[in-house]
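Structure first, commentary second.
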Amino acid sequence: MAIHYLSTRSEGEGITASQAILQGLSKDGGLFVPDHIPTLDVSLEELSKMSYQETAYEVMKLYLTDFTKEELQNCIEKAYDKKFDTEEIAPLTYAEDAYYLELFHGATIAFKDMALSILPHLLTTAARKNQIKEEIVILTATSGDTGKAALAGFAGVEGTKIVVFYPKNGVSPIQEKQMVTQVGDNTYVVGIHGNFDDAQTGVKKIFNDAAFAEEMKQAGYRFSSANSINIGRLVPQIVYYVYSYAKLLGEEKIKAGEKVNVVVPTGNFGNILAAHYAKEMGVPIDRLVCASNENKVLFDFFQSGTYDRNREFMLTSSPSMDILISSNLERLLYEVAGRDAKLCASLMSDLQTKGSYVITDEMKKNMADFFGGYASEEETAAEIKRVYESCGYVLDTHTAVASSVCQDFRKKTGNTNPCIIASTASPFKFTRSVMTAIDSKYDSWSDFDLVDELSKIGNVEVPKAIEEIRNAKVVHDHVCEKEEMVNQIKAFLNLK
(Lines give C-alpha, C1' and ligand atoms only; values in the text may rest on other atoms or scores of the structure.)
Protein backbone atom coordinates (compact mmCIF):
# COMPACT_ATOMS: atom_id res chain seq x y z
CA MET A 1 0.00 0.00 0.00
CA ALA A 2 1.46 3.37 -1.04
CA ILE A 3 2.49 5.71 1.76
CA HIS A 4 2.35 9.46 1.37
CA TYR A 5 4.05 12.00 3.58
CA LEU A 6 2.19 14.78 5.38
CA SER A 7 3.42 17.89 7.17
CA THR A 8 3.08 17.98 10.95
CA ARG A 9 1.82 21.58 10.68
CA SER A 10 -0.85 21.66 7.96
CA GLU A 11 -3.51 19.57 6.28
CA GLY A 12 -2.75 18.52 2.73
CA GLU A 13 -2.74 15.80 0.11
CA GLY A 14 0.67 14.46 0.98
CA ILE A 15 3.70 13.82 -1.22
CA THR A 16 5.70 10.72 -2.17
CA ALA A 17 8.64 9.40 -0.14
CA SER A 18 11.15 10.52 -2.77
CA GLN A 19 9.68 14.04 -2.79
CA ALA A 20 9.81 14.19 1.03
CA ILE A 21 13.45 13.07 1.03
CA LEU A 22 14.33 15.73 -1.56
CA GLN A 23 12.51 18.51 0.26
CA GLY A 24 13.79 17.63 3.74
CA LEU A 25 11.51 20.11 5.47
CA SER A 26 7.93 21.00 4.57
CA LYS A 27 7.33 24.49 3.13
CA ASP A 28 5.29 25.40 6.25
CA GLY A 29 8.26 24.54 8.50
CA GLY A 30 6.74 21.22 9.57
CA LEU A 31 8.36 17.79 9.40
CA PHE A 32 7.21 15.03 7.07
CA VAL A 33 5.50 12.01 8.62
CA PRO A 34 4.03 8.91 6.94
CA ASP A 35 0.23 9.02 6.54
CA HIS A 36 0.20 5.79 8.58
CA ILE A 37 2.79 3.58 10.24
CA PRO A 38 2.90 0.29 8.34
CA THR A 39 2.90 -3.14 9.97
CA LEU A 40 5.71 -5.61 9.26
CA ASP A 41 4.59 -8.00 6.55
CA VAL A 42 7.15 -10.70 7.38
CA SER A 43 7.34 -12.38 10.79
CA LEU A 44 10.10 -11.66 13.29
CA GLU A 45 10.98 -15.37 13.07
CA GLU A 46 11.62 -14.94 9.33
CA LEU A 47 13.57 -11.73 9.97
CA SER A 48 15.73 -13.56 12.54
CA LYS A 49 17.27 -15.56 9.66
CA MET A 50 18.04 -12.48 7.56
CA SER A 51 21.17 -10.34 7.21
CA TYR A 52 21.15 -6.65 8.13
CA GLN A 53 20.81 -5.72 4.46
CA GLU A 54 17.85 -8.07 3.94
CA THR A 55 16.15 -6.73 7.08
CA ALA A 56 16.75 -3.17 5.86
CA TYR A 57 14.91 -3.94 2.63
CA GLU A 58 11.94 -5.55 4.43
CA VAL A 59 11.53 -2.49 6.69
CA MET A 60 12.33 0.32 4.26
CA LYS A 61 10.17 -0.99 1.38
CA LEU A 62 7.12 -0.36 3.61
CA TYR A 63 7.94 3.36 3.94
CA LEU A 64 9.63 4.23 0.64
CA THR A 65 6.84 2.92 -1.53
CA ASP A 66 7.66 4.88 -4.68
CA PHE A 67 11.16 3.34 -4.88
CA THR A 68 11.36 0.18 -7.00
CA LYS A 69 12.77 -3.00 -5.48
CA GLU A 70 15.91 -2.61 -7.61
CA GLU A 71 16.40 1.05 -6.61
CA LEU A 72 16.03 0.35 -2.91
CA GLN A 73 18.20 -2.76 -2.91
CA ASN A 74 20.88 -0.84 -4.84
CA CYS A 75 20.87 1.94 -2.20
CA ILE A 76 21.11 -0.64 0.60
CA GLU A 77 23.98 -2.53 -1.04
CA LYS A 78 25.97 0.66 -1.57
CA ALA A 79 25.39 1.80 2.02
CA TYR A 80 25.98 -1.29 4.13
CA ASP A 81 29.21 -2.60 2.69
CA LYS A 82 32.89 -2.67 3.65
CA LYS A 83 32.60 0.84 5.12
CA PHE A 84 31.45 -1.05 8.22
CA ASP A 85 34.11 -3.00 10.12
CA THR A 86 31.79 -5.93 10.88
CA GLU A 87 29.56 -8.01 8.59
CA GLU A 88 26.78 -7.79 11.18
CA ILE A 89 26.70 -3.98 10.67
CA ALA A 90 25.03 -3.49 14.10
CA PRO A 91 26.21 -6.23 16.50
CA LEU A 92 24.74 -6.79 19.96
CA THR A 93 27.14 -7.18 22.89
CA TYR A 94 25.91 -8.55 26.21
CA ALA A 95 27.69 -6.81 29.07
CA GLU A 96 26.64 -7.10 32.70
CA ASP A 97 22.84 -7.26 32.48
CA ALA A 98 21.96 -5.51 29.19
CA TYR A 99 22.38 -5.90 25.44
CA TYR A 100 24.37 -3.05 23.93
CA LEU A 101 23.33 -2.45 20.31
CA GLU A 102 26.62 -1.22 18.82
CA LEU A 103 25.74 1.38 16.21
CA PHE A 104 29.29 2.68 15.80
CA HIS A 105 30.92 0.28 13.34
CA GLY A 106 30.64 2.60 10.32
CA ALA A 107 33.09 5.00 8.70
CA THR A 108 32.85 7.71 11.38
CA ILE A 109 32.31 5.46 14.45
CA ALA A 110 28.96 6.91 15.52
CA PHE A 111 25.34 5.83 15.03
CA LYS A 112 24.75 8.56 12.45
CA ASP A 113 26.58 6.31 9.93
CA MET A 114 23.65 3.89 10.06
CA ALA A 115 21.43 6.37 8.22
CA LEU A 116 23.92 8.74 6.61
CA SER A 117 25.62 5.98 4.65
CA ILE A 118 22.36 5.38 2.76
CA LEU A 119 20.89 8.91 2.59
CA PRO A 120 23.14 10.12 -0.31
CA HIS A 121 21.98 7.15 -2.41
CA LEU A 122 18.31 7.66 -1.48
CA LEU A 123 18.66 11.35 -2.32
CA THR A 124 20.35 10.95 -5.70
CA THR A 125 17.85 8.20 -6.62
CA ALA A 126 15.00 10.51 -5.57
CA ALA A 127 16.44 13.33 -7.69
CA ARG A 128 16.50 11.10 -10.78
CA LYS A 129 12.93 9.88 -10.10
CA ASN A 130 11.69 13.48 -9.93
CA GLN A 131 13.70 14.80 -12.90
CA ILE A 132 15.60 17.27 -10.71
CA LYS A 133 18.13 19.19 -12.78
CA GLU A 134 19.60 21.45 -10.08
CA GLU A 135 22.63 20.43 -8.03
CA ILE A 136 21.56 19.43 -4.50
CA VAL A 137 23.16 21.38 -1.66
CA ILE A 138 22.96 19.47 1.62
CA LEU A 139 22.68 21.89 4.51
CA THR A 140 23.32 20.47 7.97
CA ALA A 141 23.77 21.59 11.58
CA THR A 142 25.64 19.19 13.84
CA SER A 143 26.21 18.69 17.54
CA GLY A 144 29.24 16.59 16.64
CA ASP A 145 28.46 13.31 14.89
CA THR A 146 25.98 14.10 12.10
CA GLY A 147 28.48 16.48 10.50
CA LYS A 148 31.29 14.00 9.90
CA ALA A 149 28.91 11.17 8.98
CA ALA A 150 27.14 13.39 6.43
CA LEU A 151 30.45 14.68 5.06
CA ALA A 152 31.75 11.13 4.67
CA GLY A 153 28.49 10.03 3.02
CA PHE A 154 28.27 12.88 0.50
CA ALA A 155 31.98 13.52 -0.25
CA GLY A 156 32.49 13.00 -3.96
CA VAL A 157 28.83 12.12 -4.66
CA GLU A 158 28.07 13.57 -8.10
CA GLY A 159 25.35 16.23 -8.27
CA THR A 160 25.68 17.19 -4.59
CA LYS A 161 27.50 19.66 -2.39
CA ILE A 162 27.43 19.66 1.43
CA VAL A 163 27.70 22.50 3.96
CA VAL A 164 28.06 21.63 7.66
CA PHE A 165 27.76 24.11 10.55
CA TYR A 166 28.93 23.12 14.04
CA PRO A 167 29.35 24.97 17.38
CA LYS A 168 33.03 25.99 17.41
CA ASN A 169 33.63 25.15 21.08
CA GLY A 170 30.84 22.64 21.55
CA VAL A 171 32.20 19.37 20.12
CA SER A 172 34.98 17.00 21.23
CA PRO A 173 38.52 17.49 19.81
CA ILE A 174 38.21 14.19 17.91
CA GLN A 175 34.80 15.17 16.48
CA GLU A 176 36.17 18.53 15.32
CA LYS A 177 39.29 17.02 13.78
CA GLN A 178 37.17 14.46 11.91
CA MET A 179 35.18 17.28 10.31
CA VAL A 180 37.88 19.83 9.54
CA THR A 181 40.12 17.24 7.86
CA GLN A 182 37.37 16.00 5.51
CA VAL A 183 38.57 16.02 1.91
CA GLY A 184 36.35 16.50 -1.14
CA ASP A 185 35.76 19.47 -3.46
CA ASN A 186 32.04 19.34 -2.70
CA THR A 187 32.46 19.66 1.11
CA TYR A 188 32.42 22.80 3.27
CA VAL A 189 32.67 22.98 7.08
CA VAL A 190 32.07 26.08 9.23
CA GLY A 191 32.39 26.56 13.00
CA ILE A 192 29.94 29.10 14.42
CA HIS A 193 30.25 31.21 17.55
CA GLY A 194 27.24 29.80 19.39
CA ASN A 195 25.79 26.46 20.45
CA PHE A 196 24.12 23.65 18.50
CA ASP A 197 20.64 25.16 18.88
CA ASP A 198 21.96 28.36 17.23
CA ALA A 199 23.31 26.30 14.32
CA GLN A 200 20.09 24.28 13.99
CA THR A 201 17.87 27.39 14.18
CA GLY A 202 20.05 29.10 11.55
CA VAL A 203 19.73 26.14 9.19
CA LYS A 204 15.93 26.02 9.63
CA LYS A 205 15.72 29.77 8.88
CA ILE A 206 17.73 29.31 5.69
CA PHE A 207 15.41 26.48 4.60
CA ASN A 208 12.43 28.78 5.10
CA ASP A 209 13.98 31.75 3.23
CA ALA A 210 11.99 31.82 -0.04
CA ALA A 211 14.05 34.65 -1.57
CA PHE A 212 17.33 32.79 -0.99
CA ALA A 213 15.78 29.57 -2.39
CA GLU A 214 14.89 31.48 -5.59
CA GLU A 215 18.43 32.92 -5.79
CA MET A 216 19.79 29.37 -5.42
CA LYS A 217 17.45 28.07 -8.12
CA GLN A 218 18.60 30.76 -10.57
CA ALA A 219 22.17 29.61 -9.95
CA GLY A 220 21.24 25.95 -10.50
CA TYR A 221 21.11 24.78 -6.87
CA ARG A 222 18.46 23.53 -4.44
CA PHE A 223 18.70 22.76 -0.72
CA SER A 224 18.06 19.47 1.03
CA SER A 225 18.85 18.31 4.54
CA ALA A 226 20.93 15.52 6.08
CA ASN A 227 19.72 16.30 9.60
CA SER A 228 17.34 13.92 11.32
CA ILE A 229 14.49 16.22 10.25
CA ASN A 230 14.81 14.44 6.86
CA ILE A 231 12.56 11.38 6.70
CA GLY A 232 15.36 9.70 4.71
CA ARG A 233 17.37 9.73 7.96
CA LEU A 234 14.59 8.44 10.19
CA VAL A 235 13.44 5.43 8.14
CA PRO A 236 16.87 3.70 8.05
CA GLN A 237 17.10 4.10 11.84
CA ILE A 238 13.96 1.99 12.36
CA VAL A 239 15.81 -0.93 10.79
CA TYR A 240 18.29 -1.55 13.61
CA TYR A 241 15.59 -1.86 16.26
CA VAL A 242 13.76 -4.46 14.18
CA TYR A 243 17.08 -6.20 13.45
CA SER A 244 18.21 -6.27 17.11
CA TYR A 245 14.97 -7.86 18.33
CA ALA A 246 15.03 -10.43 15.50
CA LYS A 247 18.70 -11.20 16.23
CA LEU A 248 17.99 -11.88 19.93
CA LEU A 249 15.11 -14.09 18.84
CA GLY A 250 17.29 -16.01 16.37
CA GLU A 251 19.96 -16.56 19.04
CA GLU A 252 17.27 -17.76 21.49
CA LYS A 253 18.14 -15.01 23.97
CA ILE A 254 14.43 -14.15 24.05
CA LYS A 255 11.25 -16.08 23.24
CA ALA A 256 8.84 -15.14 20.43
CA GLY A 257 6.60 -12.33 21.61
CA GLU A 258 8.70 -11.60 24.71
CA LYS A 259 8.80 -7.88 25.44
CA VAL A 260 12.00 -5.88 25.66
CA ASN A 261 12.76 -2.32 26.74
CA VAL A 262 14.80 -0.02 24.54
CA VAL A 263 17.03 2.60 26.18
CA VAL A 264 18.26 5.45 23.97
CA PRO A 265 20.57 8.38 24.77
CA THR A 266 19.01 11.24 22.84
CA GLY A 267 18.96 14.99 22.42
CA ASN A 268 17.21 15.56 19.10
CA PHE A 269 14.77 12.67 19.70
CA GLY A 270 15.19 11.02 16.27
CA ASN A 271 16.88 7.85 17.49
CA ILE A 272 14.23 7.03 20.10
CA LEU A 273 11.44 8.04 17.70
CA ALA A 274 12.74 5.34 15.33
CA ALA A 275 12.35 2.81 18.18
CA HIS A 276 8.77 4.04 18.69
CA TYR A 277 8.04 3.47 14.98
CA ALA A 278 9.51 -0.06 15.26
CA LYS A 279 7.16 -0.72 18.18
CA GLU A 280 4.18 0.56 16.18
CA MET A 281 5.20 -1.77 13.33
CA GLY A 282 4.84 -4.80 15.59
CA VAL A 283 8.17 -5.26 17.40
CA PRO A 284 7.34 -6.31 21.02
CA ILE A 285 8.88 -3.28 22.75
CA ASP A 286 7.44 -2.48 26.18
CA ARG A 287 9.00 0.76 27.45
CA LEU A 288 10.95 3.38 25.49
CA VAL A 289 13.48 4.83 27.91
CA CYS A 290 14.60 8.33 26.89
CA ALA A 291 18.00 9.09 28.46
CA SER A 292 19.15 12.73 28.75
CA ASN A 293 22.32 14.35 30.03
CA GLU A 294 22.33 17.54 32.14
CA ASN A 295 20.49 19.34 29.31
CA LYS A 296 17.46 17.48 30.58
CA VAL A 297 14.74 19.27 28.65
CA LEU A 298 13.23 15.92 27.53
CA PHE A 299 13.32 14.47 31.06
CA ASP A 300 11.43 17.50 32.38
CA PHE A 301 8.97 17.24 29.50
CA PHE A 302 8.11 13.61 30.24
CA GLN A 303 7.75 14.43 33.93
CA SER A 304 5.51 17.48 33.54
CA GLY A 305 4.05 17.69 30.03
CA THR A 306 5.72 21.11 29.65
CA TYR A 307 8.54 21.57 27.17
CA ASP A 308 10.68 24.55 28.20
CA ARG A 309 13.94 25.48 26.52
CA ASN A 310 14.31 28.64 28.62
CA ARG A 311 17.22 27.37 30.69
CA GLU A 312 20.99 27.42 30.84
CA PHE A 313 22.68 25.50 28.02
CA MET A 314 25.15 23.00 29.50
CA LEU A 315 28.32 21.84 27.74
CA THR A 316 28.79 18.22 28.79
CA SER A 317 31.02 15.22 28.10
CA SER A 318 28.23 13.86 25.84
CA PRO A 319 28.11 16.76 23.35
CA SER A 320 25.90 15.07 20.74
CA MET A 321 23.09 15.37 23.30
CA ASP A 322 23.77 19.00 24.22
CA ILE A 323 20.49 20.15 22.71
CA LEU A 324 17.57 22.19 24.06
CA ILE A 325 15.33 22.06 20.95
CA SER A 326 14.51 18.41 20.20
CA SER A 327 13.35 18.73 16.60
CA ASN A 328 12.05 15.19 16.12
CA LEU A 329 9.76 15.39 19.14
CA GLU A 330 7.40 17.29 16.82
CA ARG A 331 6.70 14.04 14.94
CA LEU A 332 5.64 12.30 18.17
CA LEU A 333 3.52 15.30 19.24
CA TYR A 334 1.64 15.14 15.93
CA GLU A 335 0.90 11.47 16.47
CA VAL A 336 -0.16 11.66 20.15
CA ALA A 337 -2.34 14.70 19.32
CA GLY A 338 -4.39 12.43 17.04
CA ARG A 339 -2.60 13.82 13.95
CA ASP A 340 -3.98 17.27 14.68
CA ALA A 341 -1.75 19.48 12.48
CA LYS A 342 -3.35 22.70 13.75
CA LEU A 343 -2.58 21.83 17.39
CA CYS A 344 0.95 20.75 16.47
CA ALA A 345 1.57 24.03 14.59
CA SER A 346 0.27 25.97 17.60
CA LEU A 347 2.67 24.16 19.98
CA MET A 348 5.60 24.82 17.64
CA SER A 349 4.61 28.47 17.38
CA ASP A 350 4.63 28.67 21.20
CA LEU A 351 8.10 27.14 21.23
CA GLN A 352 9.36 29.75 18.78
CA THR A 353 7.73 32.77 20.44
CA LYS A 354 7.77 31.83 24.14
CA GLY A 355 10.40 29.11 24.24
CA SER A 356 7.94 26.64 25.76
CA TYR A 357 4.67 24.80 25.25
CA VAL A 358 2.30 22.64 27.30
CA ILE A 359 0.69 19.48 25.93
CA THR A 360 -2.82 18.28 26.78
CA ASP A 361 -3.53 15.56 29.38
CA GLU A 362 -4.74 13.31 26.55
CA MET A 363 -1.42 13.71 24.71
CA LYS A 364 0.49 12.95 27.92
CA LYS A 365 -1.60 9.80 28.41
CA ASN A 366 -0.77 8.71 24.84
CA MET A 367 2.96 8.80 25.72
CA ALA A 368 2.68 6.39 28.66
CA ASP A 369 5.14 3.93 27.11
CA PHE A 370 7.94 6.54 27.32
CA PHE A 371 10.07 6.88 30.45
CA GLY A 372 12.31 9.92 30.86
CA GLY A 373 15.53 9.75 32.85
CA TYR A 374 18.78 11.67 33.02
CA ALA A 375 22.35 11.25 34.26
CA SER A 376 24.54 14.02 35.67
CA GLU A 377 28.17 14.40 34.59
CA GLU A 378 29.27 12.64 37.80
CA GLU A 379 26.84 9.76 37.24
CA THR A 380 27.96 9.40 33.61
CA ALA A 381 31.65 9.16 34.59
CA ALA A 382 30.82 6.78 37.47
CA GLU A 383 28.90 4.50 35.07
CA ILE A 384 31.85 4.28 32.64
CA LYS A 385 34.11 3.27 35.56
CA ARG A 386 31.56 0.87 37.08
CA VAL A 387 30.86 -1.06 33.87
CA TYR A 388 34.57 -1.22 32.94
CA GLU A 389 35.58 -2.51 36.37
CA SER A 390 32.69 -4.96 36.41
CA CYS A 391 33.25 -6.64 33.03
CA GLY A 392 35.96 -4.83 31.02
CA TYR A 393 33.48 -3.31 28.56
CA VAL A 394 34.20 0.35 27.73
CA LEU A 395 31.26 2.69 27.14
CA ASP A 396 31.42 6.06 25.46
CA THR A 397 29.92 9.02 27.34
CA HIS A 398 26.55 8.96 25.53
CA THR A 399 26.09 5.21 26.01
CA ALA A 400 27.05 5.67 29.67
CA VAL A 401 24.20 8.18 30.08
CA ALA A 402 21.82 5.51 28.73
CA SER A 403 23.35 2.77 30.87
CA SER A 404 23.03 4.89 34.02
CA VAL A 405 19.41 5.79 33.21
CA CYS A 406 18.69 2.09 32.51
CA GLN A 407 19.83 1.22 36.05
CA ASP A 408 17.66 4.00 37.45
CA PHE A 409 14.64 2.91 35.38
CA ARG A 410 14.89 -0.66 36.67
CA LYS A 411 15.10 0.48 40.29
CA LYS A 412 12.16 2.90 39.99
CA THR A 413 9.81 0.63 38.03
CA GLY A 414 10.82 -2.91 38.96
CA ASN A 415 10.55 -3.71 35.22
CA THR A 416 12.59 -6.88 34.56
CA ASN A 417 12.27 -7.11 30.75
CA PRO A 418 15.55 -7.59 28.83
CA CYS A 419 16.99 -4.18 27.90
CA ILE A 420 18.52 -3.17 24.58
CA ILE A 421 20.71 -0.09 25.07
CA ALA A 422 21.52 1.92 21.94
CA SER A 423 25.29 2.34 22.02
CA THR A 424 25.58 5.41 19.85
CA ALA A 425 29.31 6.08 19.60
CA SER A 426 32.67 4.40 19.97
CA PRO A 427 34.56 5.29 23.16
CA PHE A 428 37.44 6.27 20.85
CA LYS A 429 35.45 9.33 19.84
CA PHE A 430 35.52 10.67 23.41
CA THR A 431 38.78 9.23 24.70
CA ARG A 432 39.63 11.96 27.21
CA SER A 433 36.27 11.87 28.98
CA VAL A 434 36.19 8.06 28.90
CA MET A 435 39.75 7.49 30.11
CA THR A 436 39.67 10.09 32.91
CA ALA A 437 36.40 8.53 34.12
CA ILE A 438 38.22 5.18 34.41
CA ASP A 439 41.27 6.73 36.13
CA SER A 440 42.11 10.39 36.82
CA LYS A 441 45.81 9.70 36.07
CA TYR A 442 45.01 9.93 32.35
CA ASP A 443 44.08 13.62 32.60
CA SER A 444 47.54 14.83 31.57
CA TRP A 445 47.96 12.43 28.64
CA SER A 446 47.84 13.60 25.01
CA ASP A 447 44.78 12.74 22.87
CA PHE A 448 46.47 10.08 20.77
CA ASP A 449 48.35 8.52 23.71
CA LEU A 450 44.90 8.09 25.25
CA VAL A 451 43.69 6.42 22.05
CA ASP A 452 46.49 3.84 22.24
CA GLU A 453 45.93 3.25 25.95
CA LEU A 454 42.18 2.78 25.43
CA SER A 455 42.95 0.18 22.77
CA LYS A 456 45.17 -1.63 25.27
CA ILE A 457 42.91 -1.61 28.32
CA GLY A 458 39.69 -2.24 26.35
CA ASN A 459 41.33 -4.96 24.24
CA VAL A 460 39.92 -3.43 21.02
CA GLU A 461 41.65 -2.25 17.86
CA VAL A 462 41.95 1.47 17.19
CA PRO A 463 39.23 2.19 14.60
CA LYS A 464 40.31 3.20 11.10
CA ALA A 465 38.41 6.50 11.51
CA ILE A 466 40.79 7.50 14.33
CA GLU A 467 43.96 6.29 12.61
CA GLU A 468 43.02 8.38 9.57
CA ILE A 469 43.02 11.67 11.50
CA ARG A 470 46.24 11.17 13.51
CA ASN A 471 48.27 13.14 10.98
CA ALA A 472 45.54 14.47 8.70
CA LYS A 473 45.82 18.04 7.46
CA VAL A 474 43.16 20.62 8.40
CA VAL A 475 41.38 21.65 5.18
CA HIS A 476 38.43 23.61 6.66
CA ASP A 477 39.21 26.56 8.93
CA HIS A 478 36.11 28.71 8.41
CA VAL A 479 34.55 30.28 11.52
CA CYS A 480 31.67 32.79 11.59
CA GLU A 481 29.02 34.46 13.73
CA LYS A 482 25.61 32.77 13.65
CA GLU A 483 24.20 35.74 11.70
CA GLU A 484 26.71 35.15 8.87
CA MET A 485 25.69 31.59 7.92
CA VAL A 486 24.00 32.66 4.65
CA ASN A 487 27.11 34.58 3.58
CA GLN A 488 29.26 31.49 4.17
CA ILE A 489 27.00 29.43 1.89
CA LYS A 490 27.09 32.14 -0.79
CA ALA A 491 30.89 32.22 -0.66
CA PHE A 492 31.12 28.43 -1.03
CA LEU A 493 28.69 28.41 -4.00
CA ASN A 494 30.23 31.53 -5.58
CA LEU A 495 26.94 33.42 -5.34
CA LYS A 496 27.25 37.22 -5.38
Side-chain angles (χ1 to χ4, degrees), residues 33-34 36-48 50 52 55-56 58-60 62-63 90-94 97-103 111 114-115 228 234-266 269-292 298-299 302 328-329 331-333 335-336 364-373 399 401-403 405-410 412-424:
V33 287
H36 67 280
I37 296 175
T39 305
L40 287 167
D41 61 2
V42 292
S43 70
L44 288 159
E45 284 79 7
E46 288 173 89
L47 288 165
S48 73
M50 293 186 190
Y52 191 88
T55 306
E58 293 300 335
V59 173
M60 292 172 67
L62 301 174
Y63 287 92
L92 278 156
T93 296
Y94 187 75
D97 57 355
Y99 295 96
Y100 290 87
L101 175 59
E102 295 183 349
L103 301 172
F111 84 98
M114 301 301 294
S228 59
L234 185 61
V235 169
Q237 289 179 270
I238 302 166
V239 174
Y240 46 75
Y241 294 111
V242 177
Y243 176 76
S244 59
Y245 187 93
K247 192 171 162 56
L248 289 178
L249 190 60
E251 292 176 0
E252 298 183 353
K253 303 279 171 54
I254 55 174
K255 297 183 181 71
E258 184 178 350
K259 292 204 165 182
V260 300
N261 301 316
V262 173
V263 188
V264 186
T266 189
F269 206 74
N271 206 2
I272 196 162
L273 182 70
H276 167 72
Y277 276 39
K279 176 176 178 168
E280 294 296 301
M281 292 181 78
V283 179
I285 295 169
D286 181 18
R287 301 298 297 276
L288 296 149
V289 182
C290 178
S292 301
L298 285 166
F299 168 77
F302 283 114
N328 271 288
L329 185 59
R331 287 184 164 115
L332 181 68
L333 294 177
E335 201 179 306
V336 298
K364 200 173 174 197
K365 198 172 85 184
N366 290 340
M367 295 192 300
D369 53 351
F370 282 88
F371 173 94
T399 309
V401 167
S403 188
V405 168
C406 183
Q407 299 289 323
D408 187 47
F409 162 75
R410 283 172 162 157
K412 282 180 177 162
T413 65
N415 189 311
T416 58
N417 292 331
C419 285
I420 296 172
I421 296 175
S423 184
T424 53

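Throughout, numbering of the chain's residues begins at 1 and tracks the sequence.
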Item to check | side chain to side chain contact (heavy atoms under 4.5 Å, CB included) between L298 and L329, worked out | outcome: CA-CA 9 Å; L298 285 166; L329 185 59; 4.0 Å; yes

Item to check | Step-by-step side chain to side chain contact (heavy atoms under 4.5 Å, CB included) determination, T424 to N271 | outcome: CA-CA 9 Å; T424 53; N271 206 2; 3.6 Å; yes

Checklist entry - Given Y241 and V262, is the side chain to side chain contact (heavy atoms under 4.5 Å, CB included) satisfied, shown in steps? => result CA-CA 9 Å; Y241 294 111; V262 173; 3.6 Å; yes

Checklist entry - Is there a side chain to side chain contact (heavy atoms under 4.5 Å, CB included) between F409 and V263 once you walk through the steps? => result CA-CA 10 Å; F409 162 75; V263 188; 5.7 Å; no

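Applying the salt bridge (Lys or Arg N to Asp or Glu O under 4.0 Å) test to residues at least two apart or on different chains, the pairs with a partner in residues 269-279 are K279-D369. The list of salt bridge (Lys or Arg N to Asp or Glu O under 4.0 Å) pairs with a residue in residues 234-256, not counting sequence neighbours, reads E88-K247, K247-E251, E251-K253.
Not a single ring pair (Phe, Tyr, Trp, His ring centres under 6.0 Å) links Y277 to another residue, sequence neighbours left out. A search for side chain to side chain donor-acceptor pair (under 3.5 Å) contacts involving E335 returns H276, not counting sequence neighbours. Contacts of Y100 classified as ring pair (Phe, Tyr, Trp, His ring centres under 6.0 Å), with partners at least two apart in sequence or in another chain: Y393. The side-chain contact (heavy atoms from CB on, under 4.5 Å) check on A256 picks up E45, L249, with sequence neighbours excluded. Qualifying ring pair (Phe, Tyr, Trp, His ring centres under 6.0 Å) partners for Y63, counting only residues two or more places apart in sequence or in other chains: none. Applying the side chain to side chain donor-acceptor pair (under 3.5 Å) test to K364 and every residue at least two apart in sequence or in another chain returns nothing. Here D41 pairs with E58, K61, L62 under the side-chain contact (heavy atoms from CB on, under 4.5 Å) rule; sequence neighbours left out. Residues satisfying the side chain to side chain donor-acceptor pair (under 3.5 Å) test with T93, not counting sequence neighbours, are E102. Remark: K412 engages D408 in a side chain to side chain donor-acceptor pair (under 3.5 Å) (not counting sequence neighbours). Evaluation of the side-chain contact (heavy atoms from CB on, under 4.5 Å) rule for D286 yields K259, N261, N415, N417 as partners, not counting sequence neighbours.
In terms of heavy atoms, L92 sits closest to S244 at CD1-O, 3.6 Å. Shortest non-hydrogen contact noted between L234 and G270 is CD1-O, 3.5 Å. Contact detail for A246 and S48: the closest heavy-atom pair is O-CB, 3.1 Å. The two atoms that bring A422 and P265 nearest to each other are O-CD, 3.3 Å, heavy atoms only. The minimum heavy-atom distance linking Y52 with P236 is given by the pair OH-O, 4.2 Å.
The backbone N or O of T399 sits nowhere less than 3.5 Å from a side-chain atom of S403 that would complete a donor-acceptor pair. Between the side chain of Y245 and the backbone N or O of A278, no donor-acceptor pair lies under 3.5 Å.
Taken to the nearest 0.5 Å, the CD atom of E280 stands 10.0 Å off from the CG atom of L273. Rounding to the nearest 0.5 Å places CD1 of I238 at 10.0 Å from CG of L40. Distance check, rounded to the nearest 0.5 Å: CZ of F371 to OG1 of T413 gives 6.5 Å. For the atom pair M114 CE and L101 CG, the distance stands at 7.5 Å (nearest 0.5 Å). Between the CZ atom in F370 and the SG atom in C290 there is a gap of 7.5 Å [rounded to 0.5 Å]. With rounding to the nearest 0.5 Å, the separation of CG in L44 from CG in L248 is 11.0 Å.
Contact check for M60 versus V235: side-chain heavy atoms found under the 4.5 Å cut-off.
Between Y99 and Y94, the angle of the ring planes lies from 30° to 60°, which puts this pair in the tilted group.
Side chains of S228 and N328: a donor-acceptor N/O pair is present below 3.5 angstrom, by distance only.
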